[in-house]
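Counting from 1, the numbers follow the sequence of the chain as shown.
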Amino acid sequence: MSTSPETPRLPVADGATVRRAVRALIEDDRRAMAGIVVLTCLASLAGLASPWLLGDIVTGVEQGDITASEVDLLSLGVLGFAVTQLVLTRYARFHSHRFGERALARLREEVLDRTLALPVHVVERVGTGDLVTRSSVDVATVASTLRNAAPDVFLAAVQVLFIFVAVFLLHPLLGLCALVGMPLVWWVARWYLARAREAYLTEGAAGADVAEALNATAQGAHTVEAFGLGADRVLHTDRAVDAAYRAGRRTLFLRTVLFPVTGFAHTLPLALVLLAGGLAYLDGAVDLGVVVAGGLYMWQLVDPLDRALTWVEQLQRSGASLARIKGLGLVTGETAPDTRRPADDRIEVSGVHYSYSGTHDVLDGIDLTVRPGERLALVGASGAGKSTLGKLLSGVGAPRTGTVTVGGVPVAALAAAGALGNRVLLITQEHHVFLGTLRENLAIAAPEADDQAMLAALARVEADWAGELTDGLETRLGPGGVLLDAAQAQQLTLARVDLADPHTLVLDEATALLDPLTARQAERAMAAVRADRTVISIAHRLQTAHDADRVAVMEAGRIVELGTHDELISANGAYAALWRSWNGRGGEQVTVVRPSADEDGRTPGGVPPGT
């Protein structure tokens, strides 16, 4: 249960891809970037004027060839240029932050699109930790850079460049002194950059392992408690935390070398300019005002360099985060979109094999035809492949080999193109109530639906509680409002389904938390909305199979029996055995409490079934 180097992870983009991504963020908002460059350059030029004028004042006073009115005039110029620099810098930062927010919005949309487009088998294989940290921690890191680091570093870089030019224009000797620290900065920067990217990627991966360990333990808490696995989970989490600690120490070591060396490297030129300039002044090679102006320029250099160096670590961290984010777009196995219009609503499954791990097929040669308007029940033991087949039927993932089509067009390709619409809809046991009003929760499925349609949909799924809400459709749901229980949340989901009006509905035990009578009423109501609706039910309650037009019995990823309830009972095969087992207890299903495995044989806590 420990994390090994072979733990599957999502890919990470290389440096060239990250650089192209940064260029794309800039090119997508060229006009704004051009304005920022102009404002920054003007602000930097305004900042250079004040030391130059102060130097003129010092030289004039020393030589006695300047009047008091001229000193006043130059002093007003110093003040005016200082105010001008302040205003220009303010607007440069303002537009830089706006540019960063727009770039961040585009990046967040890309992350969401890429995450939703990930193949199901990839998500199942890598777990939630890596994906969650990329879509939360890594996005937050890049967001901080776009809002703060990038504008600050850009402004600082322009200021540093202009200051060096100004010092050389004052006197070449002072310019050479100003460059003394650059070789040291170049060396330590190369040393740091050669190690930082890998160190921060390792730190990000270690953080993902910690999140995965905590998430797996939380999701499998009942399993952990039932099998006494607490000590093992604590040990596993401790190992993940220890790896994250070591990764954090590595990046900290890099910073403890970078900051002291660069701090010394940009302080040294100031001392040399004053020393060399003072000696040159004593020799009569330069005016005192030139030395003063050069010292002021070197003093001005301290602030932008400090700001740039402060953000270097953040830039490296965000570069690693951006590489992890862009890695979402490198996942292979995505389905190519297809916008063709299906000829009809007939679903054909032909020669389908599917694997989550890539080594073991959970579906093994499935062939099935679902006729429009048919009610089909999929039954079988846990792990037989029912839920996996249901996902493929609804376009959530594509088969490894074989085809799943609706009207002759691959279902997954329609979903990838956003052209599936409400034709096929999957409803699972997981029912989410969004923060907002009851109307807003229902409008997700049908934005144009009026109040009458929403109330009718609630009535059809037997959601009588909705009529008792004091604020009706304006009632707020979730924390701070009305909290729905599991059964009510399912009824809300079924009402959404009714409003969406799909032609084909795949129910993956969607009514498992409702009592048997209410569940049967809800299913009948949904099936009666349109006479030609196709309903594919995946359920453990065999009463659903009894009411279906046909029943498909699955074992070990195969369909072993297919026919009507009466035909399968007469055949005295696998379905008949299931029916006798279920019906022999007075129609009540007996549930054995044990860790439930998913289709790939894993439990929520990461414990193999039967442990």
Side-chain angles (χ1 to χ4, degrees), residues 11-47 85 87-115 117 134-165 185-186 189-190 192-194 196-197 200-201 204 303-330:
V12 175
D14 58 18
T17 302
V18 173
R19 288 190 291 273
R20 286 195 298 271
V22 173
R23 285 197 298 270
L25 288 175
I26 295 173
E27 291 172 358
D28 286 343
D29 208 349
R30 283 194 210 91
R31 294 183 61 183
M33 179 52 64
I36 293 168
V37 170
V38 171
L39 288 171
T40 302
C41 292
L42 292 175
S44 298
L45 288 172
Q85 182 189 23
V87 173
L88 290 172
T89 300
R90 186 266 180 195
Y91 281 100
R93 289 180 179 276
F94 172 76
H95 288 291
S96 294
H97 283 274
R98 284 176 61 88
F99 168 82
E101 289 296 339
R102 289 193 295 271
L104 177 61
R106 295 193 299 274
L107 185 63
R108 280 176 168 159
E109 291 173 357
E110 178 186 342
V111 170
L112 180 60
D113 291 340
R114 290 293 187 181
T115 301
R134 292 187 190 220
S135 58
S136 57
V137 176
D138 288 326
V139 170
T141 300
V142 176
S144 177
T145 299
L146 288 173
R147 292 193 190 102
N148 304 304
D152 257 10
V153 170
F154 179 72
L155 292 170
V158 173
Q159 288 174 344
V160 168
L161 176 63
F162 279 37
I163 288 172
F164 276 125
V165 172
V185 172
W186 177 82
R190 285 199 60 180
Y192 175 79
L193 295 175
R197 184 176 188 272
Y200 282 112
L201 286 175
D303 176 63
L305 280 177
D306 277 343
R307 283 189 283 117
L309 293 173
T310 299
W311 287 115
V312 163
E313 183 268 341
Q314 176 68 20
L315 288 174
Q316 287 303 303
R317 187 187 296 273
S318 64
S321 292
L322 186 57
R324 286 165 51 80
I325 290 171
K326 287 296 177 179
L328 295 174
L330 303 178

Write down the atom of [X], the atom of [Y], and the distance for their closest heavy-atom approach.
X	Y	result
Phe162	Ser44	CD2-CB, 3.7 Å
Ile36	Phe99	CD1-CB, 3.8 Å
Leu25	Ala103	CD2-O, 4.0 Å
Ala320	Leu201	O-CD2, 3.5 Å
Val142	Ser318	CG2-O, 3.8 Å

Please say which of [options] ends up in a side chain to side chain contact (heavy atoms under 4.5 Å, CB included) with [X].
X	options	answer
Asp14	Val12, Val18, Thr17	Thr17
Arg134	Lys326, Arg324, Arg114	Arg324
Leu322	Asp138, Thr141, Leu107	Leu107

What's the separation between atom [atom1] in [X] and atom [atom2] in [Y], rounded to the nearest 0.5 Å?
X	Y	atom1	atom2	answer
Leu88	Arg93	CG	CZ	12.5 Å
His95	Asp29	NE2	CG	11.5 Å
Gln85	Leu45	CD	CG	10.0 Å

>> Can you confirm whether more than 12 heavy atoms, excluding those of Arg106, are under 6.0 Å from its CZ atom?
In response: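 Count over threshold, so yes.
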> Hey, is OH on Tyr91 packed in by over 12 heavy atoms from elsewhere, all under 6.0 Å?
Replying inline: no
> Any side-chain heavy atom of Arg20 sitting closer than 4.5 Å to one from Arg23?
Replying inline: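 Arg20 vs Arg23: side chains touch.
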>> Using the rule given for side chain to side chain contact (heavy atoms under 4.5 Å, CB included), can you reason through Tyr200 versus Ser321, listing the C-alpha separation, both sets of side-chain angles and the distance that settles it, and then say yes or no?
In response: CA-CA 8 Å; Tyr200 282 112; Ser321 292; over 6 Å; no
>> Run the side chain to side chain contact (heavy atoms under 4.5 Å, CB included) test on Leu112 and Arg108 for me, step by step, so that the C-alpha distance in whole Å, both residues' side-chain angles and the decisive distance to 0.1 Å come before the verdict.
In response: CA-CA 6 Å; Leu112 180 60; Arg108 280 176 168 159; over 6 Å; no
